[in-house]
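This report refers to the structure that appears directly beneath it.
Keep in mind the model is a prediction, meaning the values are calculated, not measured. Chain A is the first sequence line, chain B the second, and so forth, proteins listed ahead of strands; every chain is numbered from 1.
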Number of protein chains: 2
Amino acid sequence: MAADTRSSPAPARLSLAEQAADVIVTGIYSGALKPGARLFEKELAQQLVMSRVPLREALKILEAQGIVESIPHKGSRITLFGEERTGHIVEARIALERIAVTAAAPRYKANPALASGLDHLIARMESAAAQLDWITISKADLDFHREICRVSGNEIIGKLWESLARHVFITFGLEKRKAEDAAALGEQHRRIRDLLIAGDDVALQTQIEIHITRIRRRPPKA
Amino acid sequence: MAADTRSSPAPARLSLAEQAADVIVTGIYSGALKPGARLFEKELAQQLVMSRVPLREALKILEAQGIVESIPHKGSRITLFGEERTGHIVEARIALERIAVTAAAPRYKANPALASGLDHLIARMESAAAQLDWITISKADLDFHREICRVSGNEIIGKLWESLARHVFITFGLEKRKAEDAAALGEQHRRIRDLLIAGDDVALQTQIEIHITRIRRRPPKA
DNA sequence: AATGTGCTAATTGTATACAAATAGCATGAA
DNA sequence: TTCATGCTATTTGTATACAATTAGCACATT
């Protein structure tokens, strides 16, 4: 059999608990699960077609990441995402991504071929933007930044990013979406890509901050 | 009955899984569990006097935080803490704590009474230092920085800190300990405390970086 | 000898069953 | 009416039992 036809089973690289965590987060993104809502284990488990054991593992993961808040013997609820929290997420994101690009830039400069990973994600982002497929846009956007973290080689930043990315993803779901925003994404990310290859750290720092902050206060003229 | 005599049971603010996670991390700190070692669920569970269910929840938490690495159907092992990783932890810590102090400083300046929380922790740190009680020193040290995160009001930073703090704690356990280091801790932290109340952000930024970096390259003269 | 194959033991993954704690409501007394 | 008390139903927490996957070893084949 051919080596990479990848037929049926697919070795399952993610545990059931992690898959459940993803489904829950996507549910929050899509609005099916609302911030502040209580999560009943039995109910959620049968919705996800699994028993309570792996579901509880998923809840523990999400609790460690701050997506869910639990009180022993009282249950879990989805963390509230207010104005203030959204601001905190942006702040943390800027801090994290600044280190990531600073560490990654020399590697991209030394080996520009690494940028192909970013190019693929930009392409995916743009094709999704053409159809206003927001969830694919959001995921590709976060994957772009995850890729930078990966290339940076700093695994700690990578782990922290995994937590933060879920928060960012959820805020993406909460935003009002405008077609013009989608159209601008490709250019935004391409600029970051180019600065990474150029290795211009100073420009990167400001560009990252603009890019992350952009979403909230957009220019008046559009 | 008197309101705060807090007799026997104590409402259990932490789930068994979270307690288990703490015990495991402390085990790594103390050297009982070694980085790279595989963790067998059955064995660990009976050592901690619990069943595999809450233990697995603990492992999921630790995996989300990067303390443990798991592969489905193959098991979990403690993440390796090499030179490189230690450096990454320091980098991430500087980035996180910089935002924390920047956000917290105005609050300390506006309300200096908040600093009493820090003072208590410094006191605990110094009394532990007098006896070279390293684990208490380490915990108080991290509690000091956790307190700053708390006062900053940024809950995202708080969550990320919880992950990072466990890494830092473990590196504390791996360090060679010298009495002179213990003696210097009080002064180090008191300086940060003072700058927070003064609200001097620029000085704080450099002081935090020095403080965090200190541990690794110490001055030649002592 | 080297390699491949099948069996067995060990380990992880999941479901079910049961214990403990909580919350809501009804009941009753002040 | 208001507050306290106790019962019941719901929900979470944990243990045990079983299924599925993996790893190691013996054995056979080339």
Below 3.5 Å between N/O atoms, which protein atoms pair up with nucleotides 5-11 of chain C? Just atom names and distances, please.
unit_1: C:dT11; atom_1: O3'; unit_2: B:R38; atom_2: NH2; d: 3.2

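- A donor-acceptor pair shorter than 3.5 Å can be found between the side chains of A:S15 and B:K60.
- Of the charged side-chain nitrogens involved, none lies within less than 4.0 Å of a carboxylate oxygen, so that A:K159 and A:E162 do not count as a salt-bridged pair.
- The local environment of CG in A:L132 is crowded, with over 12 non-hydrogen atoms from other residues, nucleotides or ligands closer than 6.0 Å.
- Look at CG on A:L59: it is 15 Å from P on D:dT11, rounded to the nearest Å.
- Within the structure, a side-chain polar atom (N or O) of B:R56 is placed less than 4.0 Å from OP1 or OP2 of C:dG13.
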Can you pull every protein N or O that's under 3.5 Å from an N or O on nucleotides 15-19 of chain C?
unit_1: C:dA15; atom_1: OP2; unit_2: A:S51; atom_2: N; d: 2.6
unit_1: C:dA15; atom_1: OP2; unit_2: A:S51; atom_2: OG; d: 3.0

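- A salt bridge between A:D143 and A:R146 is present, with a side-chain N of the basic residue lying under 4.0 Å from a carboxylate O of the acidic one.
- B:H145 and B:H211 have parallel rings, their planes meeting at less than 30° on a 0 to 90° scale where 60° marks the start of perpendicular.
- One can place CD of B:E57 at 7 Å from P of D:dT14, the figure rounded to the nearest angstrom.
- The nearest whole Å value for the distance from the CD atom in B:E43 to the C1' atom in C:dT12 is 14 Å.
- With A:F81 as the aromatic partner, A:R85 meets the cation-pi criteria of under 6.0 angstrom to the ring centre and within 45 degrees of the ring axis.
- One interatomic measurement links the two molecules: CG of A:L55 to P of D:dT11, which rounds to 14 Å at whole-angstrom precision.
- Sorted by first and then second residue, the salt bridge (Lys or Arg N to Asp or Glu O under 4.0 Å) pairs with a member in residues 126-142 of chain B read B:E126-B:R190; sequence neighbours excluded.
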Q. Where do A:R52 and A:E41 land on the salt bridge (charged side-chain N to carboxylate O under 4.0 Å, His left out) test, with the steps shown first?
A. CA-CA 6 Å; A:R52 283 176 52 217; A:E41 297 178 357; 2.9 Å; yes
